[in-house]
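Below, all heavy atoms of this structure are taken into account, side chains as well, without hydrogens, waters or symmetry copies. Residue numbering restarts at 1 for every chain, and letters A, B, ... go by the order of the sequence lines.
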Amino acid sequence: MLTADVPPNQSIYIKNINEKVNKEELKRSLYCLFSHFGRIHDVVALKTPKLRGQAWVVFTEVTAASNAVRQMQNFPFYDKPMRIQYAKSKSDCVTKAEGTFVPKEKKIMQEEKVERRQHAEETQQPSMPNGATAVNGRPVPSGQDTVPPNNILFIQNLPIETTGMMLQMLFEQYPGFKEIRTIEAKPGIAFVEFGDDVQSSMAMQALQGFKITPPNPMVISFAKK
DNA sequence: AGCACA
């Protein structure tokens, strides 16, 4: 009832998105924010008059989409609560993959005013900053991630000789970085605070699996509230 | 509020 009567779909439809955020940044943020639920096939966002403030995130699994719809419902994203539903139809990237794609001959190009008020980037695929789709060669898990997003990250599996300074060097390059917190009594773990959940997610995605020393790929998750 | 992908 809450999520409208749209049948499950591997693509989710998100609305009530802050329209001021730049399209490419939006796609990157969505990718980061939702990649914890499973592998993402594509993120679609348009800034046309009809479509701004909305976006689609295409998962490879319906179950990932289901978890995303439930867990991220009303998530404060750029100061506005996300409203998430299943998409009404399959995404083109999906039908293309399964060979059932049909080009739209119905709709002729009637509304083509490519709004390029900003830079004309053409990076279509929301690739990750470090190109990582897996941590340590393992696929990104999707089940254990029931911890909701948090502006504070929990870092594990650090070599015991890691210093706060070393961590700061790594994390301060990401927007919104606030501080590193280590615990004397507990080497090997740390907390890293960011301004908000979106920023912490970006850093997590970028540094997930990063090795300060070869045998110690970082394991980053959201801290529990 | 608004369901597209060229």
Next on the checklist: Is there a path of hydrophobic side-chain contacts, each under 4.5 Å between heavy atoms of I/L/V/M/F/W/Y residues, joining A/Leu46 to A/Val94?
Outcome noted: no
Checklist entry - For A/Phe194, is the NZ or CZ atom of A/Lys178 found under 6.0 angstrom from the centre of its six-membered ring and inside 45 degrees of the ring axis? => result no
Checklist entry - Has the side chain of A/Glu19 got a donor or acceptor atom sitting under 3.5 Å from an opposite partner on the base of B/dA1? => result yes
Checklist entry - Whole Å only: how far is the NZ atom of A/Lys23 from the C1' atom of B/dC5? => result 11 Å
Next on the checklist: Taking the nucleotide of DNA chain B with the nearest heavy atom to each, does A/Leu46 or A/Lys80 sit closer to the 5' end?
Outcome noted: A/Lys80
Checklist outcome for this item: Separation of B/dA4 atom P from A/Tyr13 atom OH, nearest Å, is 9 Å
Checklist entry - In whole angstrom, what separates A/Gln54's CD from B/dA1's C1'? => result 8 Å
Checklist entry - Could you give the CG-to-C1' distance, from A/Asn9 to B/dC5, as a whole number of Å? => result 13 Å
Item to check | Distance-only donor-acceptor check, side chains A/Tyr13 and A/Gln54, under 3.5 Å | outcome: yes
Next on the checklist: Within the 4.5 Å heavy-atom criterion, are A/Phe210 and A/Met218 side-chain neighbours or not?
Outcome noted: yes
Item to check | No-H, no-angle donor-acceptor pair, A/Thr48 side chain to B/dA4 base, under 3.5 Å | outcome: no
Checklist entry - Rounded to whole angstroms, how far apart are CH2 on A/Trp56 and C1' on B/dG2? => result 9 Å
Checklist outcome for this item: Taking B/dA4, B/dG2, B/dC3 as options, the one with an atom nearest any side-chain atom of A/Lys15 is B/dG2
Next on the checklist: In whole Å, I'd like the distance from the CD atom of A/Gln85 to the C1' atom of B/dC3.
Outcome noted: 9 Å
